[in-house]
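Report on the structure given below.
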Amino acid sequence: MSEQISTQPSWPFREAERVAARLKQKGKTEALFETGYGPSGLPHIGTFGEVARTSWVRKAFTDLTGLPSRLLAFSDDMDGLRKIPDNVPNKEMLKHHLGKPLTKVPDPFGKFESFGEHNNNMLQDFLNEFGFEFEFASSSDYYASGRFDNALLHVLAHHDAIVEIIRPSLGPERRASYSPILPIHPRTGIVMQVPIDQVDVEHGTVFWTDPDTNTKYETAVTGGAAKLQWKADWAMRWHALDVDYEMSGKDLIDSVKLSSAIVRALGTEPPVCLTYELFLDDKGQKISKSKGNGLSVEQWLTYAPKESLGQFMYHAPQRAKRLFFDVIPRATDDYIAAVAALPTAEKPHENPAWHIHGGELPEHAGSPIGFTMLLNLASVINADSPEMLWGFIRAYIPGANAETYPFLARLVHHAIVYNRDFVAPKKQFRAPGEVERGALLDLAESLKANEMVQYPGATPAEQLQNLVYAIGKRHPFAPLKSWFDCLYQVLLGQVEGPRFGGFIALYGIERTIALVETALARSVEAA
RNA sequence: GAGCCUGUAGCUCAGUGGUAGAGCAUUCGACUUUUAAUCGAAUGGCCGUGGGUUCGACCCCCACCGGGCUCACCA
């Protein structure tokens, strides 16, 4: 293997170059990209990352070579159900199906023919939600349809060589019993991990013994009567489908090595592989679904647009990254900056937005205001409706609205949710003192009496500001600033706040009165 | 035991073989009938340590030290 020094600066293009070299060497004119899915879990943030990154390499490949390609999303749904997942109903029912292929286990959710089909549908819905272009493939279908038969017979012919490859990696107990071929028990339907007594290459069968009954069986390796242990399965798939590219997490480094050795034993060069680093939580621990640490896709999409998740996944896949709430605003602003830079970029291929949007920005992409700024603004004015934020936004971008700035509109939505969930709950509402109480009552009464009409010739916000200011003056505040401190701390629960007249104008007079009365009532209860 | 990532400003992190960068934090200033948002500026770094390659190294190579992860049953 001669690794040429790449002329491509961005990693998707560097990867695409490697794929192109492989195709050239093999004389192929179409590239097959694969992403694989374990059967155990539902789609998660790593799934998104893997498909997004693979899609970027694929797009770069197209751009580089002009050759056609496919992305196969392969579900290993023939794998046996090993343990009952925590997050599913009907656990009792599932107990009776342990060890069977997932596509033979009834759907605990009762929506599909099998648990495997359920997971497959979740996966496809998940990928479609992001607009990925892919072909779905079910391992069970491939096995049952005979599509793997030739490759399986090929594996059988190399059975001993494969055993020798895997054996050194196993502990002493497994070493004795290992075989890459797992027959499906003809009576119980369970995927059997048993020693293979004998291999009959000519007839395409294996002989094995049921450890419970001591019954001897002969099982065909073809047609779905048996499946392969996973590392051999991976290698067989590479061989059978002639996969050109597949990436995987660093936890699979050893598997990639072994599967590569196996596929070579089968006479096929392994695909171009990329190992990416895993995601860590804020404390540097590996993110795992069972621990529930880190961030879920749902959480990310609650607080920021999906494009920002792409931005996060784009940067340096081979570097470990912490994935927790604090990275969301930055990823979003990085994305916004990338979009802004793309139209005039000298090297667009180095711009994440080019990859995220498949080479072409959609109309009205990007935002004239950063997400961090919006979050600050939402916090300061305690925004709980989009219109409140738009009111302030228009002070800087006259006429801005959701139609002219659709992406900004999405950011506004997320900023409000972020404020509601993270900022608002932490607010500390102070009880008003004697003087403050009087002034606040005065404010509520004055607002009810519509007193700001006494200051004509100004905008409503200015009139309201005048009113607030006048109230502060006719109560013994020293200095006057403490009156405004009182408003922020007692009414909004924060140390600092917006210009209050403008706030009332946007928040609404009735609602402001209610806010004052709530604060006064709260302090009475506390006392 | 094997493998991988990582060490750059107070914090979180970018970075290219050619004079060290951003955001936040800090300080100052501008705007504001009080603030805040915002805008402008400043402060701040033997780029982990020691060698090597090079005209030149934060970058490439080696060693060491520190931080962390993954695999060592299953997938």
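On a predicted model such as this, the values are computed, not experimentally measured, just so you know. Each chain gets a letter, A, B and so on, in the order the sequences are listed, and its residues count up from 1.
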Would you mind reading off the distance between A:Leu98 atom CG and B:A75 atom P, rounded to a whole angstrom?
15 Å
Would one find a side-chain N or O of A:Arg319 under 4.0 angstrom from OP1 or OP2 of B:A14?
yes
Using the C1' atom as the point on both nucleotides, what is the distance between B:C61 and B:G23, in whole Å?
34 Å
Rounded interatomic separation in angstrom, taking CD1 from A:Ile393 and P from B:A36
21 Å
Using a 4.0 Å heavy-atom cut-off, does A:Asp333 contact any base of the nucleic acid, only the sugar-phosphate backbone, or nothing at all?
nothing
Write down the partner of B:A20 under the Watson-Crick or G-U wobble criteria, each distance required to be under 3.5 Å.
none
If we take the C1' atom in both B:A25 and B:G18, what is their distance in whole Å?
32 Å
Taking only N and O in the side chain of A:Arg82, is any of them less than 4.0 Å away from OP1 or OP2 of B:A75?
yes
A:Ile253 has its side chain closest, among B:C4, B:C13, B:U38, to B:C4
Separation of A:Phe136 CZ from A:Leu123 CG (nearest 0.5 Å)
6.0 Å
Which value, in whole Å, describes the distance between the C1' atoms of nucleotides B:A57 and B:C47?
11 Å
Assess whether one donor atom and one acceptor atom, taken from the side chain of A:Lys250 and the base of B:C69, lie less than 3.5 Å apart.
yes
Integer angstrom distance from the C1' of B:C64 to that of B:C73
35 Å
Taking NZ in A:Lys91 as the centre, count heavy atoms belonging to other residues, nucleotides or ligands within less than 6.0 Å. Is the count above 12?
yes
Of B:A36, B:C13, B:A75, the nucleotide closest to the side chain of A:Val380 is B:A36
Separation of B:A75 atom P from A:Lys257 atom NZ, nearest Å, is 19 Å
Which nucleotide, if any, forms a Watson-Crick or G-U wobble pair with B:U35, using both distances under 3.5 Å?
none
Taking A:Arg53 for the side chain and A:Met313 for the main chain, is one N or O donor matched with an acceptor at less than 3.5 Å?
yes
Side chains of A:Lys227 and A:Ser140, heavy atoms from C-beta outward: is any pair under 4.5 Å?
no
Out of A:Tyr314, A:Phe407, A:Phe312, which one pairs with A:Tyr335 under the ring pair (Phe, Tyr, Trp, His ring centres under 6.0 Å) rule?
A:Phe407
Give none if B:G66 has no partner; otherwise give the nucleotide forming a Watson-Crick or G-U wobble pair with it, both distances under 3.5 Å.
B:U6
Upstream residue (5' side of RNA chain B) when A:Gly171 and A:Ala316 are each assigned their closest nucleotide
A:Ala316
With C1' as the reference atom in both, quote the distance from B:U26 to B:A9 in angstrom, rounded to an integer.
12 Å
Mind checking if A:Arg174 touches a base, just sugar-phosphate, or nothing, with heavy atoms under 4.0 Å?
sugar-phosphate
Who does B:C28 pair with, Watson-Crick or G-U, both distances under 3.5 Å?
B:G40
Pairing partner of B:C73, by Watson-Crick or G-U wobble and under 3.5 Å for both distances, is none
Could you work out which one of B:U6, B:C71, B:U34 sits closest to the side chain of A:Gln465?
B:U34
Base, sugar-phosphate or nothing for A:Phe392? Non-hydrogen atoms, less than 4.0 Å.
nothing
In this structure, how many angstroms lie between the C1' atom of B:G3 and the CG atom of A:Leu258, rounded?
13 Å
Just the rounded figure in Å: distance from C1' of B:U35 to CG of A:Leu492.
12 Å
C1'-based separation of B:U54 from B:G17 [nearest Å]:
9 Å
To the nearest 0.5 Å, tell me how far A:Ser179 OG sits from A:Arg167 CZ.
10.0 Å
Distance between P atoms of B:G1 and B:U19 (Å, rounded):
43 Å
What nucleotide, of B:U12, B:C5, B:A75, holds the atom closest to the side chain of A:Ala320?
B:C5
Nucleotide nearest A:Asp79 when distance is taken to its side chain, options B:U6, B:A75, B:G3:
B:A75
Selected nucleotide, minimal atom distance to A:Met373 side chain, candidates B:C13, B:C39, B:G3:
B:C39
5'-most contact on RNA chain B (nearest-nucleotide basis), A:Leu252 vs A:Glu277, goes to A:Glu277
Salt-bridge present (A:Arg319, A:Glu277; N to O < 4.0 Å):
no
Kindly say if A:Gln318 contacts the phosphate of B:C4, meaning a side-chain N or O under 4.0 Å from OP1 or OP2.
no
Any side-chain N or O of A:Asn376 less than 4.0 Å from the OP1 or OP2 oxygen of B:U38?
yes
Take atom P in B:C4 and the same atom in B:U49, then report the distance between them in whole Å.
24 Å
May I have the distance from A:Leu375 (atom CG) to B:C24 (atom P), rounded to whole angstrom?
13 Å
In whole angstroms, the gap separating C1' of B:A75 from CD of A:Gln229 amounts to 9 Å
Whole-Å distance between B:U16 P and A:Lys347 NZ?
11 Å
Distance (rounded to the nearest 0.5 Å) between A:Asp334 CG and A:Ser308 OG
10.0 Å
